[in-house]
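What follows is a set of notes on a single structure, which appears directly below.
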Amino acid sequence: MNDQELSKAYDPTEVEGRWYPLWLERGYFTAEPKSDKPPFCIVLPPPNVTGSLHLGHALTATIQDILCRWKRMSGFNVLWLPGTDHAGIATQMVVEKELKKSEGKSRHDLGREEFLKRVWTWKEKYGARIGEQHKVLGASLDWTRERFTMDPGLSRAVREVFVRLHEEKLIYRAAKLINWCPSCRTALSDLEVEHEEKDGSLWHIRYPVEGATLVVATTRPETMLGDTAVAVHPEDERYKHLIGKKVKLPLVGREIPVIGDAELVNPEFGTGVVKVTPAHDFNDYQTGLRHGLPMISIFDDAGRTNREAGSYEGLDRFEARKKVLADLVEQGLLEKEDKHKLSVGGCQRCATVVEPRLSPQWFVKIEPLATPAIRAVEEGRTTLVPETWTNTYFSWMRNILDWCISRQLWWGHQIPAFYCTACSPKPAGQATGVDFAAAEPVVAREVPSACGRCGGTSFVQDPDVLDTWFSSGLWAFSTLGWPDRTDELKTFYPTSVMETGHDIIFFWVARMMMMGLHFMGDVPFKTVYLHAMVRDEKGEKMSKTKGNVIDPLDVVRGASAENLQPNLKNKFPQGMPAFGADALRFTLASLTQQGRDIKLSLDRVAGYKAFTNKLWNASRFALMNLGDFTWDGSDVRGRPLALADRWILSRLDHAVAKTHEALEAMQFAEAAGTLYQFVWGEFCDWYIELAKGSLYGTDPVAKDSTRAVLVFCLDRVLRLLHPFMPFITEEIWQKLPMARPTASICIAPWPKPETALRDEAAEAEMAPVVRAIEGIRTIRGESNLSPAQKLEAVIQSADARSLETLARWKHYLLPLAGLSGVSFSAPGNRPSQAAACVTGDLEIYVPLAGLIDFAEERARVQKEIAKADQEATALGKKLENAGFVARAPAELVQETKARVEELKAKRQKLAEHLERLK
RNA sequence: GGGCGGAUAGCUCAGCGGUAGAGCGUCGCCCUUACAAGGCGAGGGUCACAGGUUCGAGCCCUGUUCCGCCCACCA
């Protein structure tokens with residue numbers, strides 16, 4: 001049996017590296033395109049290829065792997081499909097940054113083609129790294145079906161969707177006011193703008209109007225260069241007579257009208273007069289449309305003032321603001337500046353203040369797509385878990401605006417719109433090229449062969465690319481082979497569960513719902529499980545700048561001190577130990593409470609690392625004591641079982657049922673907690689200790705029964721734990737001497753509850769045994785007696801059956817309570833010079849003459865009495881309450897009465913004992 | 001301005017109508033031949049505050065105060 005022996009301490013680093021390659025080689029994670037088994041499918045939310053995985057990814061991977069491994073063991077044809085997202089703007093930025101750092105070049109120095117080569121190189125490197133990280137975590141992904149959003153197949157799906165939506169007039173091109181990042185120099189969708197409350201000013205500026213002065217209030221004085229009206233409320237008595245008159249715009253000299261607009265103007269706010277800049281503010285834009293105002297763009301794509309700004313041309317937005325204000329002051333037109341809080345929109349990627357800008361872009365007309373997506377959730381075809389997110393989903397979907405999908409970037413799916421170089425308008429001052437803003441494109445799956453207007457055969461493709469989320473929106477079916485009608489698509493669509501973070505409900509979940517319903521005619525997934533955000537132990541968001549990022553791989557493999565972020569370095573000055581993937585996964589599962597942020601505490605990870613060690617050593621104990629026994633898989637109940645055996649089998653079955661129920665309800669913390677409690681609190685703390693009697697004894701039949709139960713319990717508990725801790729469970733499972741139904745625990749059948757294992761009688765019989773042992777242990781502990789000090793106990797009870805049970809299982813009592821002997825008798829004739837404990841119907845006395853200070857024992861007993869009194873008084877009050885007796889369930893009233901009686905008896909016995917201690 | 005979470009033991013969190021729980025940390029006694037990453041025992045909470053419903057309330061309702069997040073065009 002030497003080869004079966006385990007090392008004394010569990011070493012995850014040694015074990016975890018071994019199994020994954022084997023699982024892969026044997027194809028356990030490869031889904032069958034067609035199968036008689038029921039399908040279960042999750043598509044992994046594709047991580048961005050920007051860099052490495054963080055703890056949020058580890059959480060996602062853990063939860064999904066728990067579900068997939070559980071379903072796989074439960075007989076499902078599981079497809080968990082991995083992949084990565086090209087993450088347009090984010091990836092382009094990191095590569096640009098690296099290029100700048102390593103070669104001092106910009107992407108423009110390289111040119112589009114060369115730059116894209118660099119991005120692909122980056123993608124290969126980081127895409128592979130992400131794959132490796134998932135393997136380290138044990139994620140049972142089907143790597144034969146790995147996808148990338150810019151794979152040829154997925155790109156084809158993108159073009160197909162674009163063309164079809166265009167044909168359906170759900171994609172259109174228009175010059176509208178859009179969010180523009182002057183730093184990234186691209187359009188952004190509304191979602192990519194993050195609003196933040198900031199301290200600003202409200203400037204009051206005098207605008208001269210025929211014989212009078214209107215004072216406007218603005219937070220952005222520089223935009224006055226593009227003002228095309230001044231608005232007042234049509235009912236405002238102060239100003240209504242001025243509507244229709246002309247204002248002479250200061251600094252510029254342009255004459256602009258005073259208009260009345262009840263929607264834009266709130267007469268209560270500021271001065272009640274609003275300057276209108278339709279080309280640089282969303283409200284003003286709408287106002288401009290309502291009143292047919294001219295729209296003057298005063299900024300270029302870098303956010304600098306253009307020719308329209310006249311003498312202010314060539315200034316950055318914020319310089320322009322300073323200059324405008326200075327000039328206004330000089331001309332005595334600035335009335336005052338008030339402090340003012342305002343919400344400023346910043347670019348999601350670079351935080352630059354977003355500039356609303358008029359620009360020709362591509363849009364998705366979203367309302368026709370949103371309506372079915374709303375209905376699908378209303379009708380319960382897709383359920384959000386926790387369901388509190390349903391309202392969030394609805395409120396966004398019901399107020400949705402058209403989606404700007406074009407980006408002025410290089411990295412991404414280039415828009416399949418083609419411009420005929422022969423008949424398209426040319427940009428001013430240039431002989432060649434196409435004026436994209438003015439030209440009419442042909443939208444097509446491939447480059448057209450000839451121009452429908454002029455017959456020309458030379459085309460240029462729209463240089464813009466699509467919003468990254470456009471392709472991710474197709475992820476649930478593009479990855480399965482759409483637009484081809486593949487077997488995978490037929491088998492696995494709709495997918496079973498979408499598991500992702502609640503921060504991307506709008507970006508991703510909503511878009512997948514819309515695209516899935518539109519192109520597949522069915523929801524993309526039946527359940528959406530939205531997990532919480534992982535934060536550090538103080539509840540702060542992890543970020544590189546804060547230095548509180550925890551790299552999941554460091555947690556798994558350990559890290560030297562110099563490689564740790566500052567906060568971790570403080571915690572682990574000697575470096576961080578390797579906790580192992582199993583411990584990290586178990587921690588994440590244990591902290592996954594629905595609807596709450598996860599504050600990851602490394603102390604907790606350490607606690608679960610200890611748990612893996614506990615499981616390891618419990619198994620080690622079993623292996624050391626199995627001799628040449630091999631469990632043949634036969635029913636353990638066919639053997640003569642001792643009380644402890646029957647009891648642990650019954651408890652195990654409770655754990656099986658509870659774990660299963662918890663997983664069904666996606667209560668991962670509950671499932672993990674159940675298993676933790678069973679393994680540590682019942683199997684290790686009680687069963688193993690009780691089993692030692694027969695294992696070390698001489699009765700071969702009893703010995704083999706215990707051995708069979710040990711193996712049976714371990715087999716089951718390892719299977720239950722496997723979805724949470726894949727590595728250690730496989731390692732131990734392979735070592736158990738038993739007939740294995742499958743070559744790997746990965747595909748071993750998931751344990752089902754078996755009522756035949758339930759044994760209420762055994763659980764009831766165990767109760768007094770446990771109570772007696774705990775009572776004696778308490779006496780020992782409170783008296784500060786060494787465990788080595790063997791004690792004699794006298795146990796008395798009026799209930800002969802209790803005494804009989806205890807006597808029968810005396811060999812359980814002796815070792816666990818540390819007794820040299822025990823005697824049983826009816827109450828009365830109590831030992832003197834003894835410590836006492838009254839528990840249930842049991843009175844336990846431990847003679848301690850010469851061993852303890854009886855003054856302390858008296859104090860202890862008095863405390864016990866006080867405690868009993870306190871509880872009895874509280875319950876007594878309840879019983880005196882007529883309402884309680886009348887209305888509470890009879891059973892409860894009965895229980896309460898019984899408890900009071902018990903407490904009184906206990907008190908009585910303790911008091912009598914106290915008398916004898918004097 | 002709307003909406004959603006959260007506030008329970010020193011820390012991280014369970015519990016969501018019937019006598020307050022776990023892990024870690026703390027304090028005792030122990031290197032008892034599975035495990036000192038361990039064993040046994042103990043201490044520790046007016047369950048944010050104020051009302052209400054109920055025989056009974058961390059648990060349900062109302063309001064208040066903090067903390068966090070999301071959405072929203074108020075210049």
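Both backbone and side-chain heavy atoms feed into the values below; hydrogens, waters and symmetry mates do not. Here is how names work: the chains are called A, B, and so on, in the same order as the sequence lines, proteins then strands, and each is numbered from 1.
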Problem - Any K8(A) side-chain N or O less than 4.0 Å from OP1/OP2 of A37(B) - result: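 It does not, given that no N or O in the side chain of K8(A) lies less than 4.0 Å from OP1 or OP2 of A37(B).
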
Exercise for the section: Ignoring backbone atoms, test whether H502(A) places a side-chain nitrogen or oxygen under 4.0 Å from the OP1 or OP2 oxygen of C70(B). Expected result: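 Answer no for this pair, as no side-chain N or O of H502(A) is under 4.0 Å from OP1 or OP2.
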
Distance between the [atom1] atoms of [N] and [M], in whole angstroms?
N: G10(B); M: C49(B); atom1: C1'; answer: 23 Å
N: G56(B); M: A20(B); atom1: C1'; answer: 15 Å
N: U54(B); M: A7(B); atom1: P; answer: 27 Å
N: C74(B); M: A22(B); atom1: C1'; answer: 50 Å
N: G38(B); M: U33(B); atom1: C1'; answer: 14 Å

Counterpart base for [N], defined by Watson-Crick or G-U wobble contacts under 3.5 Å:
N: U12(B); value: A22(B)
N: A7(B); value: U65(B)
N: G41(B); value: C27(B)

Practice task
Give a yes or no on this: more than 12 heavy atoms of other residues, nucleotides or ligands lie within 6.0 Å of atom CD of E891(A).
Solution key: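 At most 12 heavy atoms, drawn from other residues, nucleotides or ligands, come within 6.0 Å of this atom.
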
Problem - Neighbour count >12 (heavy atoms, 6.0 Å) for atom NZ, K904(A) - result: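 Count not over threshold, so no.
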
Counting only side-chain heavy atoms from C-beta out, which of [options] sits nearest to [X]?
X: V274(A); options: U19(B), A75(B), A34(B); value: A75(B)
X: N266(A); options: C74(B), C24(B), G39(B); value: C74(B)
X: D281(A); options: G39(B), U12(B), A75(B); value: A75(B)

Looking at [N], does its base get a donor-acceptor pair with the side chain of [X] below 3.5 Å?
X: N613(A); N: C35(B); result: no
X: K275(A); N: A75(B); result: no
X: E268(A); N: A75(B); result: no

Practice task
Output the residues of residues 775-787 of chain A in contact with RNA chain B, where contact means a heavy atom of the residue under 4.0 Å from an atom of the strand; sort by number or write none.
Solution key: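 Under 4.0 Å from RNA chain B: R777(A), T778(A), G781(A), E782(A), N784(A), L785(A), S786(A), P787(A).
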
Is the distance between the ring centroids of [X] and [Y] less than 6.0 Å?
X: H291(A); Y: Y285(A); value: no
X: F579(A); Y: Y608(A); value: no
X: Y676(A); Y: W680(A); value: yes

Handout entry: Check: T223(A) and K275(A) side chains under 4.5 Å, non-hydrogen atoms
Key =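 K275(A) reaches T223(A) side chain to side chain.
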
Exercise for the section: Measure the shortest side-chain to side-chain distance between T228(A) and T277(A) over non-hydrogen atoms and say whether it is less than 4.5 angstrom. Expected result: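 They are not in contact (no side-chain heavy atoms under 4.5 Å apart), so the answer is no.
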
